Amino acid sequence: MNGRKVLAISASPSEMSKTVRLVEAVLGVLRAQGIDTEHLVLRDLDPAALLAADFRVPSLAAFRDKVVGAHGLIVATPIYKASFSGLLKAGLDALPQFAFAGKVVLPLATGGSLAHVLALDYGLRPVFQSMGARHVVQSHFASDSDFPRGGEDIVLSEPSWAGLRFACDNFVYSLTDDHRASMLGHPRPPNVVRQNGEAGQAGANGTSIGTRLA
Ligand SMILES: Cc1cc2nc3c(=O)[nH]c(=O)nc-3n(C[C@H](O)[C@H](O)[C@H](O)COP(=O)(O)O)c2cc1C
């Protein structure tokens, strides 16, 4: 759809991750609408390179390039100790400061208890804002009770599925809205624009006012 690219980033260390399955369900919805999607699981990156932000390692450089090249990002995490996972923090910390500039972001989480549903908003949303996101849309949280025990397929309860569809619709709408909106985002200095290989536009004070994605 309109050449929009969506990169999903999942941050669970578990092999049978509910978070990964939640993301796959969302990507299925997006693909059915003709959106180009890719799913990157942080657990698959070289851990030493990730912790050292060593972009000489090809998989880490590819991670950065995929993030910078995407129009929309889905960022999904399990809730650990009332917040997002340390693996996700390591991944975000490795990226350039304004790697999310001009992008639409859909935050997702899975957790054992609804008590921590707001961790997405008080913990993760400010991080995305600091990385220059244009629009962080309504997040979605799925609790353990939304998943069947065992089975491969994601089975969400009806209210949770309705909430997830709403979050997807919101995300797609923002993603496919007038593409000039992608010029908006956090103002960032020209050297950052050059580092990201962006076609920045000089604002009145000489700083870039954003990136225009094709
Ligand atoms: C170390 C650890 C800490 C956790 N802490 C919380 C928590 O504070 N709040 C919560 O709701 N769930 C907590 N959980 C439950 C997980 O968030 C939940 O099972 C999640 O769906 C796991 O996602 P995954 O299957 O993708 O790894 C914790 C699980 C683990 C292993």
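All ligand and atom numbering here is 1-based and tracks the order in the structure. Quantities reported herein were computed from a predicted structural model and do not represent experimental measurements.
Checking side-chain atoms of R4 against main-chain N and O of G72 turns up no donor-acceptor pair under 3.5 Å. Checking side-chain atoms of K103 against main-chain N and O of A70 turns up a donor-acceptor pair under 3.5 Å.
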Do any side-chain atoms of residues 89-97 form donor-acceptor pairs under 3.5 angstrom with protein atoms, and if so which ones, sequence neighbours left out?
residue, atom, partner, partner atom, Å
K89, NZ, D93, OD1, 2.8
K89, NZ, D93, OD2, 3.2
Q97, NE2, S130, O, 2.8

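Protein residues are said to neighbour a ligand when one of their heavy atoms lies under 4.0 Å from it; for ligand 1 these are S12, S14, S17, K18, T19, P78, I79, Y80, K81, A82, T110, G111, G112, S113, H116, D144.
D169 meets the salt bridge (Lys or Arg N to Asp or Glu O under 4.0 Å) test with no other residue; sequence neighbours excluded. Applying the ring pair (Phe, Tyr, Trp, His ring centres under 6.0 Å) criterion to F141, with sequence neighbours excluded, gives no partner residue.
Looking at E38 and K5, no side-chain N of the basic residue comes within less than 4.0 Å of a carboxylate O on the acidic one, giving no salt bridge.
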